[in-house]
Amino acid sequence: MAPEVQQAGIAATLGLNYKLFLAQLINFGVVLFVIWRWVYKPLVKILDERSKKIEQGLKDADASKLMRETAEEEKTKMVTAARLKAKEIIETAETETKKRREQIIAEAKSEVEQVVTEGKQRLRDEQTAMIDEARQKVAEVVVAATERVLQEKMNDKKDAELIKSALEGLK
């Protein structure tokens, strides 16, 4: 009996009442069930959803990073392609300009040659006309001189004078 008293005495000394302890234990179980059912499960569900959202956000961020890198690469390719196209256009323009300049120079040279040829032809024509005119005048002078000679008697002295005057008339 002593051990029972001692046990009852220790529980009584500590102020424990079995009925009250059992009621508190049942209350604790009910509170724990209510918390687990209406607080813990929704809280875990919310945390899981939030965790999923965070994971999805990280995946989206990774995808976004990948898309950004792809866009950067594509932009670099496009810029490079645009620069190459611009360079090609400039080279084509320079080539066309050079061809056009050479064509203009060739046309100008051709026109100059044509003008020079026409000028030389005019000079030849004028020279020929002047020679023809000079021959005509010489012929007129010779005819005039012959008429004088025939009108006057011929002698050596008169011949020399006529030749001299005819030559002076040519100058």
Side-chain angles (χ1 to χ4, degrees), residues 1-138 170-171:
M1 247 200 193
E4 287 177 11
V5 174
Q6 198 176 9
Q7 285 180 354
I10 294 175
T13 335
L14 292 174
L16 288 178
N17 185 349
Y18 289 107
K19 290 180 185 177
L20 185 62
F21 179 73
L22 186 60
Q24 286 178 349
L25 190 60
I26 291 173
N27 282 341
F28 180 74
V30 169
V31 169
L32 185 63
F33 175 76
V34 168
I35 288 176
W36 178 76
R37 175 83 174 162
W38 286 286
V39 175
Y40 180 73
K41 272 188 168 182
L43 186 63
V44 168
K45 184 178 177 183
I46 290 171
L47 289 176
D48 285 342
E49 288 175 2
R50 192 162 192 199
S51 169
K52 287 178 183 177
K53 284 181 182 179
I54 289 171
E55 286 178 21
Q56 186 64 38
L58 291 174
K59 287 179 184 177
D60 290 346
D62 287 340
S64 173
K65 181 180 177 184
L66 183 63
M67 288 175 61
R68 188 182 76 236
E69 289 172 356
T70 305
E72 284 292 325
E73 289 174 5
E74 195 171 314
K75 179 185 111 184
T76 303
K77 287 179 184 176
M78 290 175 67
V79 167
T80 303
R83 285 184 179 155
L84 289 174
K85 185 71 174 175
K87 185 178 181 182
E88 183 180 310
I89 290 170
I90 289 171
E91 288 174 355
T92 303
E94 287 175 352
T95 303
E96 290 295 322
T97 302
K98 186 177 181 181
K99 286 180 184 177
R100 183 68 180 137
R101 183 178 65 226
E102 289 173 358
Q103 182 182 7
I104 290 171
I105 289 172
E107 289 174 0
K109 284 181 180 180
S110 174
E111 289 178 14
V112 167
E113 288 175 4
Q114 184 179 0
V115 168
V116 168
T117 304
E118 289 174 1
K120 286 180 180 179
Q121 186 62 39
R122 281 190 209 148
L123 285 175
R124 279 189 227 117
D125 291 345
E126 288 177 13
Q127 185 180 20
T128 304
M130 288 173 67
I131 289 172
D132 288 343
E133 189 179 330
R135 283 183 184 160
Q136 189 178 7
K137 291 218 181 219
V138 168
L170 287 177
K171 292 182 183 178

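On a predicted model such as this, the values are computed, not experimentally measured, just so you know.
The distance from atom CZ of R83 to atom CD1 of I90, rounded to the nearest 0.5 Å, is 12.0 Å. One distance of note links CZ of F33 with CH2 of W38; it measures 5.5 Å at 0.5 Å rounding. In this structure, OG1 in T128 is found 10.0 Å from CD in E126, a value given to the nearest 0.5 Å. Once rounded to the nearest 0.5 Å, the distance linking CG of L58 with NZ of K65 reads 12.0 Å. How far CZ of R100 is from CD of E107: 6.0 Å, rounded to the nearest 0.5 Å. Going from atom NZ of K87 over to atom CD of E94 covers 10.5 Å, rounded to the nearest 0.5 Å.
T95 places a side-chain N or O within donor-acceptor distance of the main-chain N or O of E91, the cut-off being under 3.5 Å. Using modelled atom types, one side-chain atom of T97 and one backbone atom of A93 make a donor-acceptor pair closer than 3.5 Å. With hydrogens and angles ignored, the 3.5 Å screen pairs no side-chain donor or acceptor of S64 with any backbone N or O of D60.
Across all non-hydrogen atoms, the minimal contact from P42 to V39 is CD-O, 3.4 Å.
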Test L84 against E88 for side-chain contact (heavy atoms from CB on, under 4.5 Å), laying out the working first. CA-CA 6 Å; L84 289 174; E88 183 180 310; over 6 Å; no
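Side-chain atoms of K45 and K41, non-hydrogen and from C-beta on, never get closer than 4.5 Å to each other.
When the shell of 6.0 Å around CZ of R124 is examined, it contains more than 12 heavy atoms from other residues, nucleotides or ligands.
Scored by the side chain to side chain donor-acceptor pair (under 3.5 Å) test, D125 finds Q121 as partners (sequence neighbours excluded).
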